[in-house]
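Both ligands and their constituent atoms are indexed starting at 1 by order of listing.
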Amino acid sequence: MQETPMDRREASGNKIPSHVAIIMDGNGRWAKRRGFPRLVGHHAGVRAVERTVRAANDLGIRTLSLYAFSSENWKRPENEVTGLMGLFRLYIRSKIDALLAEGARIRFAGKIDGLPADIQQIVRDAEQRTAGQKGLQLVICLNYGGRQELLDAMNRAAAAGEAFPLDEETLRKYLYLPDIPDPDLIIRTSGEMRLSNFWLWQSAYSEFYFTDKLWPDFGPEDLAQALEAYSGRERRYGSV
Ligand code: FPP
């Protein structure tokens with residue numbers, strides 16, 4: 001049988017993170033350096049998404065989450081927001097068949113009801129059609145903000161009549177995707193070193209990996225390098 005990258009990693013004793021989360025940054029700079037409008041960078045970013053999803057699958061990562069559009073990204077110029085929404089429509093619609101064929105499941109985290117109505121429908125349809133699949137779980141964070149997620153969770157817990165003060169287990173039930181594991185590894189591209197309101201609750205014990213690569217240049221080797229760095233980390237979760 002042919003040896004896969006995952007077999008090689010396991011044979012070398014490397015730990016494979018179960019959930020890898022990525023802050024895909026640098027599309028605008030990538031385009032600017034080439035004299036193109038920012039949207040060209042986002043188009044190139046979609047190709048990097050495609051490469052990375054394939055690589056994550058090959059490496060045996062169970063959950064891959066991608067920060068595609070934050071609740072603050074609405075402040076961008078209108079044509080950029082419209083262009084990004086167009087890319088999300090196209091990407092989600094065109095990927096469902098491939099995800100089904102690979103046994104992958106697609107899910108979304110964020111304030112989905114704040115997105116254009118047709119995208120809400122596309123999102124629901126993609127989630128429903130891939131719901132039973134047991135392979136890679138791809139989570140697209142769309143109109144996502146960590147503070148908003150926590151506010152939504154607390155307000156929904158109150159509306160559901162939960163007893164206050166809340167405990168962690170109860171609050172978690174009201175997060176956008178309560179059943180996914182917390183990210184083991186959070187990668188951010190483009191040399192920026194901040195969390196930007198991503199997975200605020202879930203990142204409490206995540207490991208971080210930063211690379212200067214701009215997102216459109218990110219590929220399987222970069223993901224493998226991040227995993228290599230992760231496998232050398234000692235996670236103590238507050239103990240000694
Ligand atoms: C940040 O780069 C990138 C975004 C806000 C958009 C991310 C979107 C994609 C990668 C494309 C589509 C994604 C999916 C899941 C289909 P930036 O524009 O802030 O770059 P800059 O900091 O260089 O300006």
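Distance from atom 11 (C) of ligand 1 to its nearest protein heavy atom, with residue and atom name: H42 O, 3.7 Å. Closest protein heavy atom to atom 7 (C) of ligand 1: A68 O, 3.4 Å. Among all protein heavy atoms, the one lying closest to atom 1 (C) of ligand 1 is M24 O, 3.2 Å. The shortest contact between atom 9 (C) of ligand 1 and any protein heavy atom is with N27 ND2, 3.7 Å.
Taking the six-membered ring for Trp and the full ring otherwise, Y144 and W199 have centroids separated by under 6.0 Å.
Under the 4.0 angstrom criterion for non-hydrogen atoms, L66 is not in contact with ligand 1. Ligand 1 has no atom lying under 4.0 Å from any heavy atom of S190.
Atom numbering of ligand 1 starts at 1 in the shown order; those under 4.0 Å from a heavy atom of V46 are 11 (C), 12 (C). Near R38, with a cut-off below 4.0 Å to any heavy atom, the atoms of ligand 1 are 17 (P), 18 (O), 19 (O), 24 (O). In the vicinity of G28, heavy-atom distances shorter than 4.0 Å reach the ligand 1 atoms 17 (P), 18 (O), 20 (O), 21 (P), 23 (O), 24 (O).
Side-chain heavy atoms closer than 4.5 Å link hydrophobic residues (I, L, V, M, F, W, Y) into clusters, and following such links, possibly through other members, connects Y91 to L136. Following chains of ILVMFWY side-chain contacts shorter than 4.5 Å, one can reach L142 starting from V53, so the two form part of one hydrophobic cluster. By the rule that hydrophobic residues join a cluster once side-chain heavy atoms approach within less than 4.5 Å of another member, L223 and L64 end up as members of one cluster.
The heavy-atom pair separating I122 from R93 by the smallest distance is CD1-NH1, 3.5 Å.
Using a 4.0 Å cut-off between heavy atoms, W30 makes no contact with ligand 1 at all. Neither the backbone nor the side chain of E192 comes within contact range of ligand 1; no heavy atom lies under 4.0 Å. At a heavy-atom distance under 4.0 Å, only side-chain atoms of N73, from C-beta outward, approach ligand 1. At a heavy-atom distance under 4.0 Å, only side-chain atoms of F88, from C-beta outward, approach ligand 1.
Relative to the six-membered ring of W30, R34 meets both conditions, a distance below 6.0 Å and an angle of at most 45° to the axis.
Of the listed options Y91, F218, Y67, Y91 places a heavy atom closest to atom 16 (C) of ligand 1. In the candidate list R29, R76, R89, R76 is nearest to atom 19 (O) of ligand 1, counting heavy atoms.
Between W215 and ligand 1, a contact under 3.5 Å exists for no N or O pair. Here's the thing with I140: none of its N/O atoms is less than 3.5 angstrom from an N/O atom of ligand 1.
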Evaluation steps, side chain to side chain donor-acceptor pair (under 3.5 Å), between T82 and N79: CA-CA 5 Å; T82 311; N79 74 323; over 6 Å; no
Audit row: D97, R129, salt bridge (Lys or Arg N to Asp or Glu O under 4.0 Å) steps and yes/no: CA-CA 9 Å; D97 286 341; R129 288 182 60 199; 3.5 Å; yes
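In this structure, the side chains of H42 and L39 come closer than 4.5 Å at one or more pairs of heavy atoms.
Within the model, atoms CG of L195 and CD1 of I23 stand 5.0 Å from one another, a figure rounded to the nearest 0.5 Å.
Remark: E207 does not engage K15 in a salt bridge, criterion side-chain N to carboxylate O under 4.0 Å.
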